[in-house]
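Given the structure is predicted, the values throughout are model-derived calculations rather than measurements.
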Amino acid sequence: MLQNPLGKYRPVAPIQLTDRQWPNKVITKPPVWMSTDLRDGNQALFEPMNGEKKMRMFKMLCQIGLKEIEAGFPSASQTEFDFFRTLIEGNHIPDDVTIEALTQAREPLIRRTIESLIGAKRAIVHVYNATSDQFREVVFGLTREEVKGLAVNAVKLIKELTAEHPETEWTLEYSAETFTNTDLNFALEVCNAVTETWGATPTNKVIINLPASVEVATPNIYADQVEWMHRNLARRDSIVLSLHPHNDRGTAVAAAELGVMAGADRVEGCLFGNGERTGNVDLVTLGLNLYTQGIHPGLDFSDMNTIARTAEHCTQLPIHPRHPYVGDLVYTAFSGSHQDAIKKGFAVQKPDALWNVPYMPMDPADVGRSYDSVIRVNSQSGKGGVAFLLETEYGIVMSRRLQVEFSRVVQQYTDTHGGEVNAADIWKLFSETYLDTIEPVRYVEHHLFEHNNAQGIKLVVEHQGVKHVLNGEGNGPIDAAAHALQQIGINLKVRSYEERSMSSSDDAGDARACAMMEVATAGGSGECYGVGIDANIVTASLKALISSANRVAVQAASSKAA
């Protein structure tokens with residue numbers, strides 16, 4: 001039982017801002033977005049991203065349209081430093097993208113940070129130090145003057161070092177870390193000293209960042225703090241006022257939205273909100289919240305499946321199936337009354353009319369989702385039982401998205417035949433749908449080889465009744481086989497791959513592998529699953545790829561017929 005909190009916790013006092021303006025404001029344009037997925041988000045992972053994953057994430061952030069990206073903490077490790085050098089020396093940074101590097105207000109770290117950024121076209125040097133009395137007294141044992149001195153001296157050094165590299169367009173960002181717990185008058189004093197020291201002007205603006213390093217109060221109090229700073233900062237026309245909300249109270253999105261109403265120009269966060277403790281603010285949710293209010297966020301979320309799968313791959317963190325706008329089940333209803341209202345909404349929704357479908361604040365098609373799982377909503381209700389019977393009776397442990405897809409097949413069967421289906425019926429449907437797909441391609445055999453540091457494959461298949469010997473290379477057997485299939489006109493993009501053991505006894509020799517593969521056509525449409533089962537893991541994966549190819553062909557034929 002929770003103890004009485006009185007006397008143990010000190011609530012944050014409200015701000016004396018009796019003439020607050022933000023409650024009467026509305027957001028009319030998107031803020032400047034800054035992604036810290038590669039820094040704050042990366043620091044929160046069990047296993048930080050390696051170079052390949054960081055590069056993949058960086059390129060995706062650029063494709064989405066983010067123009068400011070905090071690429072890491074280059075003074076923290078050689079790995080972080082090297083990533084900055086790879087980005088710059090390899091010309092991986094688009095001309096309209098500015099990279100940002102974080103550093104503490106310490107001379108050796110600042111020097112290392114500037115060194116990591118040399119040669120960049122544009123760079124933001126993001127320096128911070130904690131300003132709250134809690135950190136000043138408990139962590140550092142400093143006076144207020146010493147805390148302000150740390151910030152001022154750091155800015156002086158950054159100004160001196162960046163002047164030595166005029167080929168780069170430098171921007172200073174200063175974060176008053178633990179801002180939400182800092183006396184506002186002292187936060188103002190430090191921030192004013194920073195902008196004065198840098199010499200901020202309307203053409204040489206300083207980013208002043210107000211982080212909710214720990215979310216300690218309700219979003220309206222954060223908005224009051226932001227508005228107070230917005231109204232009292234010196235040189236306001238020379239400042240980009242930025243927010244960095246964390247999610248300790250679970251209200252980071254609301255805090256960011258109210259903070260923008262209160263005068264902020266910029267928001268820092270991670271795509272899906274991962275970050276230290278309970279996370280940073282979720283940029284996808286923020287952006288699509290704007291979108292559903294008729295304001296384009298300036299970011300491209302039209303292929304949300306690819307964005308979500310890439311983020312999951314790079315971070316090794318799953319996206320919750322009910323995550324706003326993004327989760328695999330977020331456009332799926334289980335309740336019969338919801339299903340009825342949604343179907344009626346789709347029936348009357350006109351293509352050129354304002355979106356007005358019950359229970360659905362956004363059109364799934366806008367983020368690249370199909371209507372299948374929405375229109376055939378009742379198929380979801382049986383997926384748990386279907387998955388249970390296949391696992392217990394046949395050893396098939398389906399991935400979540402495969403469960404969703406196959407449950408629609410089962411529902412179509414029950415709609416036609418009626419009555420109850422048993423495990424044998426479900427296995428027969430599963431085999432016919434995924435395992436016995438031999439048209440237009442049938443797997444015959446394969447042979448692997450190494451060539452030029454790549455995986456090579458000789459893949460023998462029958463295509464439309466004719467035997468073909470195909471050759472391909474890639475970064476693994478699946479990639480090599482996908483390239484090989486292009487020789488017979490099959491172009492597939494692998495979205496996800498999972499492999500599970502199907503051992504049916506304690507005898508290891510009786511084990512088989514079940515490979516499940518989600519693919520799309522090269523153009524990014526026609527997503528579906530393929531499944532392969534074999535004693536050999538590679539063979540199972542190749543059968544899954546070919547199963548996917550055949551199912552894509554069936555879907556294409558059905559679409560043409562319709």
Next item on the list: Drop me the distance from Asp237's CG to Thr201's OG1, to the nearest 0.5 angstrom.
Entry: 8.5 Å
Check: Okay, side chain of Asp300, backbone of Gly65: is any donor-acceptor separation there less than 3.5 Å?
Finding: no
Margin query: Any side-chain to backbone donor/acceptor pair from Glu499 onto Ala515? Under 3.5 Å, distance only.
Written below: no
Notebook entry, point to check: So, does Trp228 use its side chain to make a donor-acceptor pair with the main chain of Gln16 at under 3.5 Å?
Noted result: no
Check: What distance separates Tyr331 OH from Asp363 CG, expressed to the nearest 0.5 Å?
Finding: 8.5 Å
Note to self: I'd like to know if the side chain of Trp33 reaches the main chain of Leu66, judged simply by a donor and an acceptor atom lying under 3.5 Å from each other, with no hydrogens or angles considered.
What the structure shows: no
Check: Are Phe58 and His92 near enough that their ring centres are under 6.0 Å apart?
Finding: no
Check: Is any NZ, NE, NH1 or NH2 atom of the basic residue among Glu405 and Arg401 found under 4.0 Å from an Asp or Glu carboxylate oxygen of the other?
Finding: no
Check: With no hydrogens and no angle check, is any side-chain donor or acceptor of Ser547 less than 3.5 Å from a backbone partner on Tyr434?
Finding: yes
Checklist line | Partner set under ring-ring contact (aromatic ring centres under 6.0 Å, His included) for His126, not counting sequence neighbours | finding: none
Note to self: Looking at Asn247 and Asn280, would you say the former's side chain and the latter's main chain have a donor-acceptor pair under 3.5 Å?
What the structure shows: no
Notebook entry, point to check: Just checking, any donor-acceptor pair under 3.5 angstrom between side chains of His323 and Asp282?
Noted result: yes
Margin query: Under a 3.5 Å distance rule, please check whether Asp303 uses its side chain to pair with a backbone N or O of Ile307 as donor and acceptor.
Written below: no
Checklist line | Distance in Å, Leu172 CG paired with Asn204 CG, rounded so as to fall on 0.5 Å steps | finding: 9.0 Å
Next item on the list: To the nearest 0.5 angstrom, please state how far the OG1 atom of Thr168 sits from the NZ atom of Lys121.
Entry: 11.0 Å
Notebook entry, point to check: Donor-acceptor pair, Gln349 side chain versus Asn356 backbone, under 3.5 Å?
Noted result: yes
Next item on the list: Begin with the C-alpha distance, continue with both residues' side-chain angles, and end with the deciding distance and a verdict on side chain to side chain donor-acceptor pair (under 3.5 Å) for Asp224 and Trp22.
Entry: CA-CA 8 Å; Asp224 280 351; Trp22 64 261; 2.7 Å; yes
Next item on the list: May I ask you to check whether Asn209 and Ser175 show a side-chain donor-acceptor distance below 3.5 Å?
Entry: yes
Note to self: So, taking the atom named CG in Leu271 and the one named CE in Met60, what distance separates them when rounded to the nearest 0.5 Å?
What the structure shows: 5.0 Å
Notebook entry, point to check: Does a donor on one side chain and an acceptor on the other come within less than 3.5 Å for Ser132 and Thr182?
Noted result: no
Notebook entry, point to check: Checking side chain to side chain donor-acceptor pair (under 3.5 Å) for the pair Glu215/Thr180: CA distance, chi angles, key distance, verdict?
Noted result: CA-CA 7 Å; Glu215 192 180 33; Thr180 46; over 6 Å; no
Check: What do the steps show when you test Arg495 against Asn305 for side chain to side chain donor-acceptor pair (under 3.5 Å), and what is the final call?
Finding: CA-CA 8 Å; Arg495 294 288 201 200; Asn305 284 340; over 6 Å; no
Next item on the list: Give a yes or no on whether the backbone of Gly298 and the side-chain of His296 come within a donor-acceptor separation of less than 3.5 Å.
Entry: yes
Notebook entry, point to check: Do the side-chain N and O atoms of Asn289 and Glu257 include a donor-acceptor pair separated by under 3.5 angstrom?
Noted result: yes
Check: So among Asp96, Leu299, Thr98, Leu61, which one has a side-chain contact (heavy atoms from CB on, under 4.5 Å) with Lys67?
Finding: Asp96
Margin query: Looking at Arg231 and Asp19, is there a salt bridge between them, counting it only when a charged N and a carboxylate O are closer than 4.0 Å?
Written below: yes
Check: Taking atom CG of Asp95 and atom CZ of Arg122, what is their separation to the nearest 0.5 Å?
Finding: 7.5 Å
Notebook entry, point to check: Salt bridge check: are Arg266 and Glu268 linked by an N-O gap of less than 4.0 Å?
Noted result: yes
Notebook entry, point to check: Are any side-chain N or O atoms of Arg236 and backbone N or O atoms of Ile239, one a donor and one an acceptor, separated by less than 3.5 Å?
Noted result: yes
Note to self: Could you go through His244 and Asp40, starting from their C-alpha distance and side-chain angles, then the distance that decides it, and tell me whether this counts as side chain to side chain donor-acceptor pair (under 3.5 Å)?
What the structure shows: CA-CA 11 Å; His244 185 106; Asp40 210 341; 3.0 Å; yes
Check: Do Lys54 and Glu80 meet the salt-bridge criterion of a basic N to acidic O distance under 4.0 Å?
Finding: yes
Checklist line | Check ion pair Arg39-Glu70 (N to O, under 4.0 angstrom) | finding: yes
